[in-house]
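Before any comments, here is the structure.
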Amino acid sequence: MPKRKYTRMKEQPKGYECCNKKCKWQGQIADQVPVEVVNGFFDHACPKCGKFEFYGLIENPIK
Ligand SMILES: [Zn+2]
């Protein structure tokens, strides 16, 4: 059986991978860039491409 790379719902990720297939940045929330999207509301963006969507990783991210 192939090993899963990404977490499912309710699983605690050990790190995150950028959803952008051309980027594939991996790291922790602390490494992501906080961006104010609506007044007072911050989201976390990829430090490489600026995208806001991430996959949760089962294994620790590659640095
Ligand atoms: Zn990215």
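In this structure, the separation between SG on Cys23 and NZ on Lys51 is 10.0 Å, given to the nearest 0.5 Å. Annotation: the span from Asp31 atom CG to Lys48 atom NZ amounts to 13.0 Å, rounded to 0.5 Å.
You'll find the side chain of Leu57 stays beyond 4.5 Å of the side chain of Lys14, heavy atoms only. Between Tyr16 and Ile29, some side-chain heavy-atom pair lies under the 4.5 Å cut-off. The shortest distance between side-chain heavy atoms of Lys5 and Ile58 does not fall below 4.5 Å. Using a 4.5 Å cut-off on side-chain heavy atoms (C-beta onward), Asn20 and Trp25 make no contact.
Residues Glu11 and Arg4 are paired through a salt bridge, judged by an N-O separation under 4.0 Å between the basic side chain and the carboxylate. Salt bridge present: Lys24 and Glu17 bring a charged side-chain N and a carboxylate O closer than 4.0 Å.
Phe54 and Ala45 make their closest contact through CZ-C, 3.7 Å (heavy atoms, listed as atom of the first residue, atom of the second, distance).
At distances below 3.5 Å, not a single donor-acceptor pair connects side-chain atoms of Gln12 with backbone N or O atoms of Thr7. The backbone N or O of Cys46 lies less than 3.5 Å from no partner atom in the side chain of Gln32, so there is not a single donor-acceptor pair.
Take Tyr6 and apply the ring-ring contact (aromatic ring centres under 6.0 Å, His included) test, not counting sequence neighbours, and it matches Tyr55.
The hydrophobic clustering, which links ILVMFWY residues whose side-chain heavy atoms are closer than 4.5 Å, places Val38 and Phe42 apart.
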